[in-house]
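Here the structure is laid out as structure tokens; the discussion comes afterwards.
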Amino acid sequence: MDNRPSHEIRGVWATPLLPIDENSTADIGAIPDQIEKLSESGVNGVYSNGTAAELHGQSTALFREFSEKVALKCIGLGLPFQIGASHPFAHDTLERIAFARELKPIAIQVILPDWVPVKLDEAKRFI
């Protein structure tokens with residue numbers, strides 16, 4: 001049974017930042033604490049890996065681990081969440097979308113290629 005809340009996407013959404021420890025390594029263990037603080041602040045939801053995140057530099061393993069931490073904590077708090085699945089390579093975007101679907105976010109974000117301007121018909125084909 002799915003006990004996550006059903007919400008429209010509205011209000012203030014916040015994003016957890018990818019914490020980096022003193023060894024310049026991603027500190028994934030700090031994600032749940034960030035989400036707890038965001039939830040306590042009264043946000044309407046959490047989104048990960050938006051266009052201001054590290055989407056261009058995350059390995060597949062890091063993307064998955066980060067996304068799972070976000071999803072599990074948000075589900076535990078009853079806090080709606082979205083996952084950004086964009087990647088510079090369209091094939092990798094599709095793989096991220098497939099993985100993100102398994103986590104059951106209320107939305108999955110994708111962005112158009114940001115390295116070239118696209119026309120409307122090209123954008124529609126891409127999406």
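From a predicted model like this one, the values you see are computed outputs, not experimental measurements. If you read the sequence from its start, that first residue is 1, and numbering goes on from there.
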CZ-OG distance between Phe66 and Ser59, expressed to the nearest 0.5 angstrom:
12.5 Å
Taking the six-membered ring for Trp, are the ring centroids of His91 and Phe89 within less than 6.0 Å of each other?
no
Donor-acceptor pair, Ser39 side chain versus Glu36 backbone, under 3.5 Å?
no
Closest non-hydrogen atom pair between Pro105 and Ala100, with its separation:
CD-O, 3.1 Å
Co-membership, hydrophobic cluster, residues Leu62 and Ile35, 4.5 Å side-chain
yes
Could you measure the distance from the CG atom of Leu18 to the NZ atom of Lys69? Nearest 0.5 Å is fine.
13.0 Å
Taking a hydrophobic cluster as the set of Ile, Leu, Val, Met, Phe, Trp and Tyr residues connected by side-chain heavy atoms closer than 4.5 Å, whether directly or through intermediates, do Ile20 and Ile31 fall within one such cluster?
yes
Give, for atom CG of Leu38 and atom CG of Asn44, the distance between the pair rounded to the nearest 0.5 Å.
12.0 Å
To the nearest 0.5 Å, tell me how far Leu103 CG sits from Arg64 CZ.
9.5 Å
Does any part of the side chain of Glu102, heavy atoms only, come nearer than 4.5 Å to the side chain of Phe99, both counted from C-beta?
yes
For residues Ile9 and Gln82, determine if any side-chain heavy atom of one lies less than 4.5 Å from a side-chain heavy atom of the other.
yes
Distance check, rounded to the nearest 0.5 Å: Asp121 atom CG versus Phe126 atom CZ?
14.0 Å
Just by distance, no angles: are the side chains of Asn49 and Gln109 close enough, under 3.5 Å, to form a donor-acceptor pair?
no
Side chains of Pro80 and Trp13 in contact at under 4.5 Å (non-hydrogen atoms)
yes
Only one of Val70, Leu72, Leu77 passes side-chain contact (heavy atoms from CB on, under 4.5 Å) with Cys74, and that residue is Val70
Supply the atom-to-atom distance Thr93 OG1 to Leu112 CG, rounded to the nearest 0.5 angstrom.
10.5 Å
Shortest non-hydrogen contact between Glu122 and Pro117, atoms and distance
OE1-O, 4.4 Å
